[in-house]
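Below you'll find the structure, written out as structure tokens, and then a few comments.
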Amino acid sequence: GAGVSQSPSNKVTEKGKDVELRCDPISGHTALYWYRQSLGQGLEFLIYFQGNSAPDKSGLPSDRFSAERTGGSVSTLTIQRTQQEDSAVYLCASSPRVAGAGGTQYFGPGTRLLVL
Amino acid sequence: KNQVEQSPQSLIILEGKNCTLQCNYTVSPFSNLRWYKQDTGRGPVSLTIMTFSENTKSNGRYTATLDADTKQSSLHITASQLSDSASYICVVSAREGTALIFGKGTTLSVSS
């Protein structure tokens, strides 16, 4: 497909379990972002990958959250020992270049995570 | 602290009417400002991007304005349609290479 894809689209898990969320960016896009959107809240930045540079992890809320981007393409966001407050929509976006320079971010449909 | 504030929080208008959404920011230094439209259950879609030197930018029935001196932006929607019902999010970038700062959005409902 031409857009950003994310999987799974929905995930229900029990408190304390680990989850992995996947993002397939648009081919050729060098920048990849993860965001979290809680009910009634704005988008919260989590982590940013740009090419081969070290990722900007400044938005990760705790050390239970981590992300990888393999081969400069697919990214996986991992949440360990999930808590109920982790329930949210997790959005991935990619950009053909550094977004701060004006590059448009293209968002995926999100993964809706519910922690019971 | 870098912040983006949007108003109103929600808005209901009749189909065919115009409306204006507001965005105030305290992000510094400023690189660019974007407006996104997010339909329920979908990811945001970019409407406009404006840099410091741009005062206005249009995308169909959507027109965004930017006053970098007062750090205010507005999104004007003309002749609203039912499909305009969505959340409109204002996003500001501080400088190249940094994360974007998102407002909480304005939820617009267009009724017939």
Side-chain angles (χ1 to χ4, degrees), chain A residues 1-7 9-10 21 23-26 30-51 53-60 67 88-112, chain B residues 1-10 21 23-54 57 59 62 64 66 86-107:
Chain A
V4 177
S5 61
Q6 292 185 244
S7 61
S9 55
N10 293 281
L21 313 180
C23 172
D24 282 272
I26 294 172
T30 58
L32 186 147
Y33 297 76
W34 281 99
Y35 297 92
R36 178 170 69 176
Q37 187 171 37
S38 302
L39 186 64
Q41 300 297 313
L43 281 159
E44 174 188 4
F45 165 74
L46 296 177
I47 188 169
Y48 158 55
F49 296 90
Q50 173 57 41
S53 302
D56 176 357
K57 303 180 181 180
S58 60
L60 295 178
V89 176
Y90 290 82
L91 287 161
C92 173
S94 70
S95 175
R97 57 193 174 104
V98 175
T104 296
Q105 288 194 346
Y106 298 84
F107 283 81
T111 293
R112 287 152 191 79
Chain B
K1 181 180 179 181
N2 288 331
Q3 286 186 315
V4 176
E5 301 288 340
Q6 291 188 243
S7 62
Q9 184 176 7
S10 61
L21 315 179
C23 174
N24 297 338
Y25 60 93
T26 58
V27 177
S28 183
F30 171 82
S31 177
N32 60 71
L33 184 145
R34 310 146 185 258
W35 282 94
Y36 283 88
K37 177 187 179 187
Q38 185 175 20
D39 293 311
T40 301
R42 307 291 295 274
V45 174
S46 180
L47 295 176
T48 62
I49 300 176
M50 289 184 292
T51 61
F52 180 87
S53 60
E54 296 177 291
K57 183 163 284 189
N59 178 357
Y62 301 101
L66 173 65
S87 178
Y88 291 84
I89 305 171
C90 176
V91 186
V92 179
S93 175
R95 64 181 186 275
E96 181 169 340
T98 63
L100 306 183
I101 301 162
F102 288 75
K104 292 187 177 182
T106 292
T107 300

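Throughout, a chain's letter reflects where its sequence line sits, starting with A, and its residues are numbered from 1. Note that the structure is a prediction, hence the values are computed from the model and not measured.
The closest side-chain heavy-atom distance from B:Tyr36 to A:Gln105 is below 4.5 Å.
The side-chain hydrogen bond (donor to acceptor under 3.5 Å, both in side chains) check on B:Lys37 picks up nothing, with sequence neighbours excluded. For A:Asn10, the side-chain contact (heavy atoms from CB on, under 4.5 Å) partners at least two apart in sequence or on another chain are A:Arg112.
In this structure, chain B has a heavy atom under 4.5 Å from the side chain of A:Leu91, while its backbone stays farther away. Of the two parts of B:Gln9, neither the backbone nor the side chain holds a non-hydrogen atom closer than 4.5 Å to a non-hydrogen atom of chain A. Proximity to chain B (any heavy atom under 4.5 Å) is restricted, for A:Gln37, to the side chain, taken from C-beta onward.
Counting non-hydrogen atoms of neighbouring residues, nucleotides and ligands closer than 6.0 angstrom, the NZ atom of B:Lys104 reaches no more than 12 such neighbours.
Ranked by heavy-atom pairs under 4.5 Å with chain A, the first of B:Pro44, B:Gly103, B:Gly43 is B:Pro44.
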